[in-house]
Amino acid sequence: MQILTTKSELRSALSGPAQTGLVPTMGFLHEGHMSLFRQARAENERVVATVFVNPTQFGPTEDLDRYPRDPDGDAAKCAESGVDILWMPPRDEVYGPRHATTVTVAGLTDGLCGRSRPTHFAGVATIVTKLFALVRPERAYFGEKDYQQLAVIRQMAADLDLGVDVIGMPIVREADGLAMSSRNKYLSAEDRAAALALSRALRAAAEAFDAGSRDADTLVAGLTAELHAAPGVALEYAEIVDAETLAPATGTLAGPARALVAARVGQTRLIDNIAIG
Ligand code: AMP
């Protein structure tokens with residue numbers, strides 16, 4: 001595996017023709033990321049992973065400066081998962097001093113996490129566009145863990161004819177249900193126990209649907225009540241939306257839907273989601 005840091009090294013490493021799968025990450029890698037690397041390995045001749053804590057997707061009061069980092073551990077996990085090229089650029093390599101371009105996706109970014117993180121998805125769309133332009137992959141792999149992000153990137157790739165097949169991968173969870181996340185490192189033992197309420201409440205909503213409960217408002221009310229009652233959990237939102245358009249579901253659920261939640265547990269903001277139906 002090659003570990004590269006500059007754009008020019010990356011360009012020369014990619015010069016030969018090979019079908020390429022790209023997996024963008026912010027590092028502090030875990031099994032969720034590794035599932036993406038392995039899928040990319042299975043479907044492409046060449047696998048490129050990137051580790052870059054992208055400053056433009058963090059708000060001014062968010063955790064950019066304390067975001068967990070482990071470059072050596074990340075390199076080992078990439079090598080173990082079949083990555084060919086790991087690009088870990090320093091911040092200045094990615095954004096020039098006069099960088100002035102932002103990619104925004106309208107509509108999909110208004111609700112859910114976009115409400116409390118109004119600049120987040122523009123930061124994500126911009127860095128992913130840059131990575132697509134640098135690597136020119138045939139396929140790019142993203143986790144359903146960040147469900148709204150996946151929808152935004154799919155929309156952007158289609159709207160801008162980027163020619164990249166955007167592939168969504170299932171959420172990898174700890175044995176007790178907690179969705180794996182680099183930010184779980186912030187959780188104290190007490191927070192960690194409290195955080196289980198998110199996956200538990202989502203599972204309960206999916207099970208209620210499976211048992212015949214079809215009214216979106218009733219399901220959302222149940223989800224909200226369970227999370228409001230959970231000790232140590234400050235709920236930001238609990239919603240059920242159309243799985244594709246992310247439009248809030250109302251009345252009787254017809255097509256595929258997704259339940260999504262965001263909550264603060266201690267100082268840590270966590271998100272999770274589940275398919276409904
Ligand atoms: P991050 O490093 O948090 O920006 O995540 C990089 C990629 O890994 C994104 O596409 C995430 O959706 C994905 N990812 C993060 N956690 C998980 C997980 N638990 N299961 C599946 N994919 C994940």
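Each ligand, and each atom within it, is numbered from 1 in the order the structure gives. Throughout, residue positions are numbered sequentially from 1 according to the sequence presented. Since the structure is predicted, the reported quantities are computational estimates derived from the model, not experimental observations.
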Could you identify the single nearest non-hydrogen protein atom to [atom] and state the distance to 0.1 Å?
| atom | answer |
| --- | --- |
| atom 11 (C) of ligand 1 | D146 OD2, 3.0 Å |
| atom 20 (N) of ligand 1 | V172 N, 2.8 Å |
| atom 23 (C) of ligand 1 | K145 CB, 3.9 Å |
| atom 4 (O) of ligand 1 | M26 CG, 3.6 Å |
| atom 22 (N) of ligand 1 | G143 CA, 3.5 Å |
| atom 21 (C) of ligand 1 | P170 O, 3.4 Å |

Exercise for review: Determine whether more than 12 heavy atoms belonging to other residues, nucleotides or ligands lie under 6.0 Å from atom CD of E45.
Suggested key: yes

Check your understanding: For Q19, does the CD atom sit with more than 12 other heavy atoms under 6.0 Å from it, leaving out its own atoms?
Key -> yes

Taking 4.0 Å as the limit for heavy-atom contacts, which would you say applies to [X] with ligand 1: side chain only, backbone only, both, or neither?
| X | answer |
| --- | --- |
| S182 | neither |
| P24 | backbone |
| L29 | neither |
| H33 | side chain |

Side chains of [X] and [Y] in contact at under 4.5 Å (non-hydrogen atoms):
| X | Y | result |
| --- | --- | --- |
| I153 | V124 | yes |
| S182 | H33 | yes |
| F121 | V105 | no |

Review point. Who's closest to atom 3 (O) of ligand 1 heavy-atom-wise, of Y141, F28, Y67, Y147?
Key: Y67

Check your understanding: Would you say ligand 1 has an N or O under 3.5 Å from any N or O of A179?
Key -> no

Point to revise | ligand 1 to I171 polar contact by distance, N or O atoms, under 3.5 Å | key: no

Review point. Near F142, which atoms of ligand 1 are under 4.0 Å from a heavy atom of that residue?
Key: 10 (O)

Revision key, fill the gap. Atoms of ligand 1 under 4.0 Å from any heavy atom of M180, numbered from 1 in the order shown, are 16 (N), 17 (C), 18 (C), 19 (N)

Exercise for review: Starting from the C-alpha separation in whole Å, work towards a yes-or-no answer on side chain to side chain donor-acceptor pair (under 3.5 Å) for D165 and Y141.
Suggested key: CA-CA 9 Å; D165 191 4; Y141 298 81; over 6 Å; no

Review point. Hey, does the Lys NZ or Arg CZ of K130 hover above the aromatic six-ring of F52, less than 6.0 Å from the centre and inside 45° of the axis?
Key: no

Practice item. Please determine if R66 forms a cation-pi arrangement with Y186, meaning its NZ or CZ atom is less than 6.0 Å from the six-membered ring centre and no more than 45° off the ring axis. Key: yes

Revision key, fill the gap. From the list K77, R173, R38, side chain to side chain donor-acceptor pair (under 3.5 Å) with E31 holds only for R38

**Study point:** NZ/NE/NH1/NH2 to OD/OE distance under 4.0 Å, D84 and R41
**Key:** yes

Check your understanding: Would H30 count as a contact of ligand 1 if the rule is a heavy atom under 4.0 Å away?
Key -> yes

